[in-house]
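Only one structure is covered here, and it is reproduced in the block below.
Quick note on labels: first sequence line is chain A, next is B, and so on, each numbered from 1. Keep in mind the model is a prediction, meaning the values are calculated, not measured.
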Amino acid sequence: MLPPASGTGTFVRTSEKVIRLLRQGCTNRPFFHIVRRKNQYRPVIEQVGTFDPLPNEHNEKLTSLNYERIRHWIGNGAHVSKPVEQLLGLAGFFPIHPTSYMNAWRNRKAIKENQEKSINVDDKTEDKQ
Amino acid sequence: MAAFRFISQCLNTKTESISGLHYTVFRRLLNYSTVEYAEQNDPRPSFFNKDIQNILRTLTRVDLQRVFRTRKLGQGKVHDPEYRFMTNEELQMAMREAELKADNLLQIPPVVPVRTPISKILSQDPELQGLESSKMIFTDITFGVKDSDRLIVVREPDGTLREAEWEVRNRINQIYFPQEGRAIKTPQMFQGTEFEDVLKRQEYEFILDRACIQFEPNDPEYQRVTSITYQHINDNNGFEKLRSTRHFGALAFFLVWHKNIDNLLLELIETCYADEANTLIELYSKIHKVNFEKTSELSMIEDYIKKFSNKKGALELALQAYKELLDEKRKVEQGVKTAHGLS
């Protein structure tokens, strides 16, 4: 069952809280809620957004963020998990996360290596012929 | 020429194959072009003027029977009318209430210039190239923000962070904050042959009502659909279909704004609504800041025909016929009076 936007979790002032992704959706169809909860095993306190990692027909990945509430919770000392930090970085809300730069660099490198490999393979096949 | 005529005859009789003749059929598409209200020539000050709103309302020729007719809107069962005994005062109150309701129903959709495209870049981070192969769209879903003010940004695969264009904004707004009756994709009926088909069936009110729900009034698509519909109405004399609806004011404003009122004027004269014809000319003079003679009842119309009309012949003939009709009526009245021995 989906937790309501203002969730069932109880708010305890002294306990640590985190804004994190919560996997909803189903098998082979991930869909995330961005929620605030005490930890993975505790009920949601509030849902503050959604994230759909599968691109739609226009090749867009949709994310919704309730900036007002995110600001409020961060102001109240909530932590933000790494994936959510990356999302907020891409959204221009946070500075871009170092991991995003790292992943981008790695991806670029992998693409380059693949290209070189395919060129080498092509050369070899041509030599054989 | 003969060959052309032969082929067109064949097409008319719907014979699919003509022995020994190979031809390509070019289907004649709608030959109307979009007419938009431009930002440089802003229609807003004229349209929202109180006098002009009143004139547009007069031209709508409100018939309460038509405004409150039963309509198939897909909202469940149609109820039986309720009959009540009322005193004269109560009846007047009820009529006033109905008029207020009609006022709400007949609010003319706003006439505004077409919007300017959004091209605001917030930041450029080429270091993010390769991170994503698709665009990322981030929407602010804070409670209580208007659709038009909502922050929607796009992170491109090349690392640019910019504000989303109008087309994307509409789609995203409809996804997160759906409005009833609006579709995420533009309905087929506004495009291509389907649009032509609805126009051909003269379902103008249906088109305009749906366009009002589907688009914002400053959307180029809205202005395309409505302007083509208005032009079609003007050419096919479908004015009566829009009377007593909220769209007649917008139609009249469109025609006056683009100086194309001859057909409407002709229709008004032919159906003996000389006072409305006069109001139309007054609207023309107010919007285009020109003056017409006001010596007699029909002088304004005559002056307009002389100065600005493109259909002088037809309009003059119609006006002449109208004058003759008036003369005839006067004579008959005189005759009746003398027969009754009144004069």
Side-chain angles (χ1 to χ4, degrees), chain A residues 5-6 19 31-35 46-74 83-115, chain B residues 118-179 183-188 191 221:
Chain A
S6 109
I19 299 175
F31 186 86
F32 296 99
H33 282 183
I34 298 166
V35 296
E46 184 180 337
Q47 185 198 340
V48 292
T50 60
F51 169 53
D52 185 356
L54 295 194
N56 64 10
E57 59 179 333
H58 303 280
N59 196 19
E60 297 161 344
K61 291 182 183 178
L62 303 187
T63 309
S64 70
L65 299 159
N66 191 341
Y67 287 139
E68 192 195 357
R69 298 307 292 167
I70 291 175
R71 259 191 220 119
H72 170 257
W73 286 123
I74 289 174
V84 177
E85 266 183 347
Q86 288 181 43
L87 277 180
L88 289 173
L90 290 179
F93 187 75
F94 276 0
I96 294 169
H97 199 270
T99 314
S100 301
Y101 286 133
M102 229 157 68
N103 287 342
W105 179 73
R106 279 181 188 150
N107 289 349
R108 286 204 298 273
K109 200 174 153 194
I111 290 168
K112 211 177 173 188
E113 275 170 9
N114 278 341
Q115 275 174 353
Chain B
I118 298 175
S119 55
K120 192 180 171 191
I121 291 178
L122 300 169
S123 111
Q124 272 173 328
D125 306 280
E127 306 92 328
L128 287 175
Q129 278 174 34
L131 180 67
E132 291 284 343
S133 55
S134 46
K135 290 181 198 169
M136 302 276 287
I137 298 191
F138 298 95
T139 315
D140 178 17
I141 52 163
T142 300
F143 177 76
V145 180
K146 274 196 232 161
D147 274 7
S148 52
D149 302 337
R150 189 159 290 124
L151 180 70
I152 299 175
V153 295
V154 182
R155 178 72 76 171
E156 299 276 0
D158 65 357
T160 316
L161 183 69
R162 57 171 181 76
E163 285 192 354
E165 315 97 22
W166 285 110
E167 187 251 317
V168 176
R169 284 188 69 92
N170 286 346
R171 193 145 44 74
I172 300 294
N173 274 329
Q174 182 58 20
I175 287 172
Y176 288 117
F177 300 91
Q179 281 184 37
I184 291 177
K185 284 182 194 167
T186 309
Q188 283 287 311
Q191 289 154 354
E221 251 328 72

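For chain B, the nearby parts of A/Leu62 are the backbone and the side chain; heavy atoms of each come within less than 4.5 Å. Contacts of A/Glu57 with chain B are made by side-chain atoms alone, with heavy-atom separations under 4.5 Å and no backbone atom involved. With a threshold of 4.5 angstrom between heavy atoms, B/Leu151 approaches chain A through side-chain atoms but not through N, CA, C or O. Interface remark: B/Val145 contributes no atoms to any contact with chain A (heavy atom separation under 4.5 Å). For A/Phe51, the part sitting under 4.5 Å from any heavy atom of chain B is the side chain, from C-beta outward, and nothing else.
Rounded to the nearest 0.5 angstrom, B/Leu128 CG and A/Arg108 CZ are separated by 8.5 Å. One distance of note links CD1 of A/Ile96 with CG of B/Leu161; it measures 8.0 Å at 0.5 Å rounding. Rounding to the nearest 0.5 Å gives a distance of 7.0 Å between CG of A/Asn56 and CD1 of B/Ile137.
Surrounding CH2 of B/Trp166 are more than 12 heavy atoms belonging to other residues, nucleotides or ligands, all under 6.0 Å away.
Per-residue heavy-atom pair counts under 4.5 Å with chain B were compared for A/Asn107, A/Leu90, A/Asn103, and the maximum is reached by A/Leu90. Of the listed residues (A/Glu68, A/His58, A/Lys109), the greatest number of heavy-atom pairs within a distance under 4.5 Å of chain B belongs to A/His58.
Here the closest non-hydrogen pair linking A/Asn59 and B/Ser134 is OD1-CB, 2.7 Å.
Among the candidates B/Ile141, B/Thr139, B/Thr142, the single residue satisfying the side-chain contact (heavy atoms from CB on, under 4.5 Å) test with A/Tyr67 is B/Thr142.
Remark: the backbone N or O of A/Leu87 is not paired with any side-chain donor or acceptor of B/Arg155 at under 3.5 angstrom.
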